[in-house]
Amino acid sequence: MVQAVHLDDSQQLSEVAKKPGTSSFKASKTGFEGREAEVGKAVQLALKTMANSAGYQHEMNDALVKARLHAMQFAKDNNLMEEYVAHDIKTMSPINTRVGMIIEKSGDKEAALVGLCERTACHYQLVLETEAEEGKRTFKSPWGNVLNACKRLNMFDLTEQEIHENWYVPRIKGFAKDMGVEVNVSDWNEDGVITLTLAD
């Protein structure tokens, strides 16, 4: 691998002079070369979403939060929350079982938290910020902004605590079981901060 030369590095400049026809100067890259149109559309979507304050200030996760809330409200209204959770666990089982195989081969249970939070758009598009420490992930419940706005219109009667206890916790426990690990989920707090930790 060729090292980039700093313009004030006279020692390396003499070495560069010995290799005519080659350059050790490297242009910076973003990793999105060839995808400029796609990046432009993503930025445009972000700006449109953040500029939308009709009724309430929309956040980047707004559409995903609403879609999940619609499904959870339907499950609640029809006494199907347990079935809805079981369906999510079953649907995600092939992916979670694969993460479990990685954990079994590597012995590294941290892969479970990475699988639940970092490697899945299902989490990071829903939860806008997650603090990662070894064996621990912390984030704020994503439901409050939309729930507060939409409750005024009588769209939902769910509470964040209800979502946490009846939907989120059992899903995470089910996902972790398929990975072959145990993950602790913090009890509901009024500040909405949720912590996942690996069980010993």
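Sequence positions, counted from 1, serve as the residue numbers for this chain. Just so you know, these numbers use all the heavy atoms, side chains as well, and skip hydrogens, waters and symmetry mates.
For the pair T97/V99, no side-chain contact is recorded, criterion being any heavy-atom separation below 4.5 Å from C-beta on. Within the 4.5 Å cutoff, side-chain heavy atoms of V146 are placed close to those of L69. A 4.5 Å side-chain heavy-atom check between T195 and N184 finds every atom pair outside the cut-off. Counting only heavy atoms from C-beta outward, the side chains of E110 and L198 approach each other to under 4.5 Å. T138 is not listed as a side-chain neighbour of I194, based on a closest heavy-atom distance of 4.5 Å or more. In this structure, the side chains of C117 and L196 come closer than 4.5 Å at one or more pairs of heavy atoms.
Side-chain atoms of E33 come within 3.5 Å of backbone atoms of G31 as a donor-acceptor pair (strictly under, hydrogens ignored). The backbone N or O of D191 sits less than 3.5 Å from a side-chain atom of K140, completing a donor-acceptor pair. A donor-acceptor pair under 3.5 Å is formed between the side chain of E162 and the backbone N or O of T159. In this structure, the side chain of H164 engages the main chain of S186 through a donor-acceptor pair within 3.5 Å. Not one N or O on the side chain of S141 forms a donor-acceptor pair closer than 3.5 Å with the backbone of G192. Of the possible polar contacts, none joining the S93 side chain to the I89 backbone as a donor-acceptor pair under 3.5 Å is found. Using modelled atom types, no side-chain atom of D62 and backbone atom of H58 make a donor-acceptor pair closer than 3.5 Å. With N78 contributing its side chain and L80 its backbone, the two residues share no donor-acceptor pair below 3.5 Å.
Annotation for K66 and C150: closest pair CE-SG, 4.3 Å, computed over non-hydrogen atoms. Scanning all heavy atoms of the two residues, the minimum distance from N96 to M179 falls at OD1-CE, 3.2 Å. Taking every heavy atom of both residues into account, V169 and E165 meet most closely at CB-O, 4.3 Å. Shown here for V183 and A176, the closest heavy-atom pair between the two residues is CG2-CB, 3.7 Å. Taking every heavy atom of both residues into account, A111 and I102 meet most closely at CB-CG2, 4.4 Å.
A continuous path of ILVMFWY side-chain contacts below 4.5 Å connects V181 to V185, so both sit in one hydrophobic cluster. F32 and L45 end up in different hydrophobic clusters when Ile, Leu, Val, Met, Phe, Trp and Tyr side chains are linked at under 4.5 Å. Linking Ile, Leu, Val, Met, Phe, Trp and Tyr whenever their side-chain heavy atoms come within less than 4.5 Å puts F175 and L64 in one cluster. Y84 and I172 end up in the same hydrophobic cluster when Ile, Leu, Val, Met, Phe, Trp and Tyr side chains are linked at under 4.5 Å.
In summary, E134 and K109 do not engage in a salt bridge, as defined by a charged side-chain N under 4.0 Å from a carboxylate O. The residues R137 and E118 are annotated as salt-bridged, a charged nitrogen and a carboxylate oxygen being separated by less than 4.0 angstrom. Under 4.0 Å is where a charged nitrogen must lie from a carboxylate oxygen, and between D88 and R68 at least one such pair does. The existence of a salt bridge linking D157 and K76 is confirmed by a sub-4.0 Å separation between a basic side-chain nitrogen and an acidic carboxylate oxygen.
Taking CG of D178 as the start and NZ of K90 as the end, the distance is 12.5 Å to the nearest 0.5 Å. Here the straight-line distance linking atom CG of L116 with atom CZ of R119 works out to 12.5 Å at 0.5 Å rounding. Taken to the nearest 0.5 Å, the CE atom of M81 stands 6.0 Å off from the CG atom of N166.
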Working for side chain to side chain contact (heavy atoms under 4.5 Å, CB included), residues V127 and N61: CA-CA 7 Å; V127 175; N61 61 358; over 6 Å; no
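Other residues, nucleotides and ligands place no more than 12 heavy atoms under 6.0 Å from the CD atom of E104. Annotation: M60, atom CE; neighbour count of heavy atoms from other residues, nucleotides and ligands within 6.0 Å is above 12. Counting non-hydrogen atoms of neighbouring residues, nucleotides and ligands closer than 6.0 angstrom, the CD atom of E36 exceeds 12 such neighbours. When the shell of 6.0 Å around NZ of K151 is examined, it contains more than 12 heavy atoms from other residues, nucleotides or ligands.
A search for side chain to side chain contact (heavy atoms under 4.5 Å, CB included) contacts involving E190 returns Q161, W188, not counting sequence neighbours. Remark: I95 engages M92 in a side chain to side chain contact (heavy atoms under 4.5 Å, CB included) (not counting sequence neighbours).
The ring pair (Phe, Tyr, Trp, His ring centres under 6.0 Å) analysis of residues 127-154, with sequence neighbours excluded, yields the pairs H123-F139, W143-W167.
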